[in-house]
Amino acid sequence: MADPKGFLTTGREVAETRPVGERVKDWNEVYVPGSLLPIISKQAGRCMDCGIPFCHNGCPLGNLIPEWNDYAYREDWSAASERLHATNNFPEFTGRLCPAPCESACVLGINQPAVTIKNVEVSIIDKAWGNGDVTPQPPERLSGKTVAVIGSGPAGLAAAQQLTRAGHTVVVYERADRIGGLLRYGIPEFKMEKSHINRRIEQMRAEGTKFRTETEIGRDIDAAKLRRRYDAVVIAAGATVSRDLPVPGRELNGVHFAMEYLPLANKVQEGDLTVSPITAEGKHVVVIGGGDTGADCVGTAHRQGALSVTQLEIMPRPGEDRNANQPWPTFPMLYKVTSAHEEGGERVYSVSTTHFEGSAPEEGQTAGNVQALHLIEVEFKDGKLEQKPGTERSIPAQLVTLAMGFTGTDQANGLVQQFGLELDERGNVARDGEYATNVDGVFVAGDAGRGQSLIVWAIAEGRSAARGVDRFLTGASALPAPIRPTDRALTV
C-alpha cells in the first residue's frame, strides 16, 4: 500500500479554485493550474489499500484505484498512467466531470472524509500528458473489418478507440461540426477546456480512427444504407431529447432548452461566434432544474453578465450528510455546492413552475418576450407531489433555461425507424447482453441504450459494447467488458 498511516496522519485536501471575482471574467477552468501536484502524493497516500476496495464497485469502469494511488504516492507517474489507462480511455474527462461515485464508495468514507480519488486521477493524466506518456497505440495488424460509430460523445469515442486498437477500420459519424458530442457543446469551457478533447482526437486519428463531422445518420445518410456499407454499426447517439415544460407561456421568446443555450456559449469560445444569440447579459435569468446541467447554465449566465440568476428545483433540498436510507457505499443524494454556485445566485427548492408571463408580440413576432415566471411551493404527501395553496409568487425572468434532463434518443431524424430498431419500456434502444440490437450487426452503447447517465457509465458502455462488436466480427475478443447492459449504479 501507499502510506500505511496516511489515512490517520493526512487530512483531505482538494483542488484549489481561482477567486470568484477573477474566474467569472474568463472561461478558463476554475481550478488554479498546478495546485494539485504539491499535495496530491500525500492525498494518494490516504488510500488504505482495503482488503475489499469498494471504490471498484462504485466505479462502473472498475478502475484500479488502490494501484494507481500507490504509484501516485511514490510519484511513479508513468506506472500510474499505465494503470489508469488499463480501464479508462479518457481519464482527463472523468477526472474533471465525473461526480466520483468511487469516492462515495471509499471505505475510508465510512467515518472520515474519503480519498480524493478524482483529484488523484486528473493529476496522473495531466502529468502523463506533460511527460509524453500518452502516445498513439495503433494496431499491429488490420482485421479487414469495418465499423461505423454513430455519435462522438464519450461512449462513441471509447467504442471507436477500442475497436480501432483491435484492428478494425472505424469511422465515427458526428452530426455537429466538431467531434465530442455533449463533451464539446454541452459542457462549458470553465468545467473542461476543449483542448483536452482535441488532443485525444489527434491521438485517435494517429491510431487510425476516421472522423466524419456534419453528417447526421437518418437525414444525410440513410441508416439502412449505412448498415450495408459496414460490417457492424455502433449507435452511440446519446439521449438528446430534452424534457420539456408544457405550461402556459412556454412559447414565449427567451424560454430555451439548456442544450439550445449552452452550445452557443461554447461556439463563442471556439471562435465561431462573436456573441451568443442567446445571452444572459443584463437579464434576470431563471434556470429550471437542479442538476449538473442546471449548474452549467448558472455558471454560463454569470460569465455572460446576468443581472441575477435563480435556480429552481422541484425536489426538497437534500441534506449535507448521508440519510439513514442512503447508507455507505451507495451514492447519496447530498446538497452539493458546485463552482458555479460559489459564484452567486439563488437556489430555490420544492417549487413548481405554473406559467410564464410575457409581453405582447411586437410587429413581426409570433410570440412576445418572457418577463416573469410564476411558481408555487410543493410538498410530498403520501408519495405524491402536491401544491401548497397560498404560496404562489412570481419572479422576474428575461431568460429561462430548461435543464430538467433528457427523455431518450432522437427519433425525429429517422435513425430508429430506418434501422428498424426496437425500443425498451423506457424508450431506449433495446439490446441484449452483448449490446446487440434486434438488427443483425447493429449495436448500441451509452445513453441511447441506457438512458440519461454519467460520463463514466458512457465510457464503460463504449468499452463493453466494443467487446460485443469484436466478438461479432471475429468470433472471439480479448477486449475488456467492465459492465453488463443491465448493470445499474450503486444507489438505493
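Just so it is clear, the model here is predicted, and its values are computed rather than measured. Residues: numbered from 1 along the sequence shown.
Cation-pi geometry between R178 and Y185 is not met: the NZ or CZ atom fails to fall both under 6.0 Å from the ring centre and inside 45° of the normal. For the pair R250 and F257, the distance from NZ or CZ to the six-membered ring centre is under 6.0 Å and the angle to the ring normal is within 45 degrees.
To the nearest 0.5 Å, atom CG of residue L375 and atom OG of residue S394 are 8.0 Å apart.
Applying the side chain to side chain donor-acceptor pair (under 3.5 Å) test to T240 and every residue at least two apart in sequence or in another chain returns R175. Listed by chain and number, the residues in a side chain to side chain donor-acceptor pair (under 3.5 Å) with E103 are R12 (sequence neighbours excluded). For the side chain to side chain donor-acceptor pair (under 3.5 Å) test, no residue two or more places apart in sequence or in another chain qualifies with T407. Here T279 pairs with nothing under the side chain to side chain donor-acceptor pair (under 3.5 Å) rule; sequence neighbours left out.
A distance-only check finds no donor-acceptor pair linking the side chain of R227 to the backbone of V439 [under 3.5 Å]. In this structure, H302 contributes its side chain and G299 its backbone to no donor-acceptor pair below 3.5 Å. When atom types are taken as modelled, the side chain of R431 and the backbone of A465 share no donor-acceptor pair closer than 3.5 angstrom. Although no hydrogens or angles enter the test, the distance criterion places a donor-acceptor pair under 3.5 Å between the side chain of R243 and the main chain of M404. Between the N119 side chain and the A15 main chain, a donor and an acceptor come within less than 3.5 Å of each other. Here the side chain of R184 pairs no donor or acceptor atom with the backbone of I197 at under 3.5 angstrom.
The two residues A258 and C297 come nearest to each other via the heavy atoms CB-SG, 3.7 Å. Closest of all the heavy-atom pairs between M48 and V107 is CE-CG1, 3.7 Å. Nearest heavy atom pair, residue P66 against residue P53, reads CG-CB, 3.9 Å. Among all heavy-atom pairs drawn from Y261 and T401, the shortest one is CD2-CG2, 3.7 Å. Nearest heavy-atom pair, E343 versus R23, reported as atom, atom and distance to 0.1 Å: OE2-NE, 2.8 Å. Between G290 and Q311, the shortest heavy-atom distance links the atoms CA-NE2, 3.4 Å.
Among residues at least two apart or in separate chains, ring pair (Phe, Tyr, Trp, His ring centres under 6.0 Å) pairs with a member in residues 352-385 are H355-H374.
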Would you mind writing out the side-chain donor-acceptor pairs for residues 411-426 within the sub-3.5 Å range, not counting sequence neighbours?
{"unit_1": "N413", "atom_1": "OD1", "unit_2": "L415", "atom_2": "N", "d": "3.0"}
{"unit_1": "N413", "atom_1": "ND2", "unit_2": "E216", "atom_2": "OE2", "d": "3.1"}
{"unit_1": "Q418", "atom_1": "OE1", "unit_2": "A223", "atom_2": "N", "d": "2.8"}
{"unit_1": "Q418", "atom_1": "NE2", "unit_2": "G218", "atom_2": "O", "d": "2.9"}
{"unit_1": "D424", "atom_1": "OD1", "unit_2": "R426", "atom_2": "N", "d": "2.9"}
{"unit_1": "D424", "atom_1": "OD1", "unit_2": "G427", "atom_2": "N", "d": "3.0"}
{"unit_1": "D424", "atom_1": "OD1", "unit_2": "N428", "atom_2": "N", "d": "2.8"}

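Applying the 6.0 Å contact sphere to CZ of R484 captures no more than 12 heavy atoms from other residues, nucleotides or ligands. The number of heavy-atom neighbours closer than 6.0 Å to CZ of F406, taken from other residues, nucleotides and ligands shown, is above 12.
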Chi angles and distances behind the side chain to side chain contact (heavy atoms under 4.5 Å, CB included) call for I288, L373 = CA-CA 10 Å; I288 302 178; L373 179 150; 3.8 Å; yes

inquiry  = Applying salt bridge (Lys or Arg N to Asp or Glu O under 4.0 Å) to R96 and E29, what does each step give before you reach the verdict?
reply    = CA-CA 10 Å; R96 286 174 167 82; E29 290 183 7; 3.1 Å; yes

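Using a 4.0 Å cut-off between charged nitrogen and carboxylate oxygen, K194 and E270 do not count as a salt-bridge pair. The residues R200 and E92 are annotated as salt-bridged, a charged nitrogen and a carboxylate oxygen being separated by less than 4.0 angstrom. Salt-bridge formation is not detected for the pair E189/R303: no Lys NZ or Arg NE/NH1/NH2 atom is positioned less than 4.0 Å from an Asp or Glu carboxylate oxygen.
Looking only at side-chain heavy atoms (C-beta outward), T300 and W27 come within less than 4.5 Å of each other.
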